[in-house]
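Report on the following structure.
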Amino acid sequence: MSQSDFLTDIQTLRQRARQHIEQGAVTQGYHADRETVIKLLNEALATEIVCVLRYKRHYYMAGGLNAEGVAAEFLEHATEEQGHADEIAQRIVQLGGEPDLSPDSLTSRSHAEYVEGKDLLDMIREDLVAERIAIDSYREMINYLGTNDPTSRRMLEGILAKEEEHADDLVGLLAGMDGKRN
């Protein structure tokens, strides 16, 4: 198989690159439904922001014997979730969309819920539930994107890996609590 069997010739690539330059990174080779991808990414953005807010509340409200280490984990997760939100918002803009940061509809667009939790153990459990929701949501988005938007897919795969790590951290915290209520 020669190189020309699977690559577009250079002149055609150059010609296509000059068409619709106002669309930036979205070229003729982009095959996903851009509006649907932007909608999904805005839902993911809302999910990440709700998770940041929940983790921050849990960080500030953590109390009891095990609170110091658990609070530090909450803060670390909040910081990482904010990084995910930033990545997603930047990708939405690259696709020609607008990140929806409206607080009025944030919780209705988020896949995860904002649950305050009544004590430390409850907070950990609620954060774990939210991580599990995010994991399944991102898997479905990744499957939907397939090869039609490899950049968004890779971004979500990276975020998914971090969400799985967060879930693992939270399971470890639960195990370390030995079933004690704080």
Side-chain angles (χ1 to χ4, degrees), residues 36-93 99-146 149-182:
T36 299
V37 173
I38 290 168
K39 178 187 176 297
L40 290 173
L41 291 177
N42 265 312
E43 289 175 6
L45 177 60
T47 301
E48 293 296 334
I49 292 170
V50 166
C51 288
V52 169
L53 295 172
R54 190 189 54 258
Y55 272 125
K56 284 289 225 171
R57 175 178 167 76
H58 292 174
Y59 166 71
Y60 290 117
M61 296 302 297
L65 293 174
N66 298 312
E68 189 175 329
V70 174
E73 196 70 35
F74 289 160
L75 183 58
E76 179 181 327
H77 288 195
T79 302
E80 291 170 348
E81 302 292 359
Q82 181 62 58
H84 299 162
D86 293 342
E87 282 183 75
I88 293 166
Q90 289 169 345
R91 182 61 182 157
I92 291 168
V93 171
D100 187 349
L101 301 169
S102 171
D104 293 337
S105 62
L106 202 58
T107 55
S108 66
R109 289 180 289 114
S110 172
H111 295 183
E113 297 172 293
Y114 180 88
V115 180
E116 294 176 350
K118 57 186 176 292
D119 56 35
L120 196 57
L121 193 57
D122 199 35
M123 291 177 203
I124 295 169
R125 285 186 178 130
E126 289 301 331
D127 289 334
L128 181 55
V129 167
E131 293 293 355
R132 291 170 53 85
I133 291 168
I135 288 166
D136 279 346
S137 294
Y138 290 141
R139 272 198 193 113
E140 288 183 18
M141 288 181 204
I142 289 163
N143 288 336
Y144 169 76
L145 292 171
D149 183 344
T151 303
S152 296
R153 187 193 70 236
R154 281 192 317 273
M155 176 193 68
L156 290 172
E157 286 170 343
I159 293 171
L160 172 62
K162 194 50 102 169
E163 304 298 1
E164 289 173 343
E165 182 182 311
H166 289 174
D168 202 39
D169 292 342
L170 293 167
V171 166
L173 290 175
L174 280 177
M177 301 285 290
D178 295 327
K180 296 178 195 165
R181 302 286 292 180
N182 287 319

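FYI, the numbering just counts along the sequence from 1. On a predicted model such as this, the values are computed, not experimentally measured, just so you know.
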Shortest non-hydrogen contact between [X] and [Y], atoms and distance:
X: H111; Y: I133; answer: O-CG2, 3.5 Å
X: S152; Y: V37; answer: OG-CG1, 4.2 Å
X: I135; Y: A167; answer: CD1-CB, 4.0 Å
X: T36; Y: Y144; answer: CG2-OH, 3.4 Å
X: A78; Y: V52; answer: O-CG2, 3.6 Å
X: A44; Y: M141; answer: CB-CE, 4.1 Å

Separation between CD1 of I124 and CG of D119, rounded to the nearest 0.5 Å
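With rounding to 0.5 Å, CD1 (I124) is 9.0 Å from CG (D119).
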Going from CD on E48 to CD on E43, what distance comes out if it is rounded to the nearest 0.5 angstrom?
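Going from the CD atom of E48 to the CD atom of E43 covers 13.0 Å.
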Is the shortest distance from a Lys or Arg side-chain nitrogen in [X] or [Y] to a carboxylate oxygen in the other one below 4.0 Å?
X: R139; Y: D136; result: yes
X: D149; Y: R91; result: yes
X: K162; Y: E87; result: no
X: E126; Y: R54; result: no

With distance as the sole test, does [X] use its side chain to make a donor-acceptor pair with the main-chain N or O of [Y] at under 3.5 Å?
X: D168; Y: E164; result: no
X: R125; Y: L120; result: no
X: N42; Y: D100; result: yes
X: S110; Y: V50; result: no

Over 12 foreign heavy atoms within 6.0 Å of CZ, R132:
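Incorrect, the count does not exceed 12.
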Contact check, side chains of [X] and [Y], non-hydrogen atoms, under 4.5 Å:
X: L75; Y: Y55; value: no
X: Y114; Y: E116; value: yes
X: L41; Y: I38; value: no

So, applying side chain to side chain contact (heavy atoms under 4.5 Å, CB included) with E163, which one of H84, H77, E80 is it?
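Passing option: H84.
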Can you see whether E76 engages H166 through a side-chain donor-acceptor pair at a distance of less than 3.5 angstrom?
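Judged by distance alone, the side chains do not pair up.
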Hydrogens and angles aside, do Q82 and D86 bring a side-chain donor and acceptor to less than 3.5 Å of each other?
yes
I'd like to know whether K56 forms a side-chain contact (heavy atoms from CB on, under 4.5 Å) with F74, so could you lay out the CA-CA distance, the side-chain angles of the two residues, the decisive distance to 0.1 Å, and finally the verdict.
CA-CA 7 Å; K56 284 289 225 171; F74 289 160; over 6 Å; no
Identify, with sequence neighbours excluded, every residue that meets side chain to side chain contact (heavy atoms under 4.5 Å, CB included) alongside E157.
I142, R153, R154
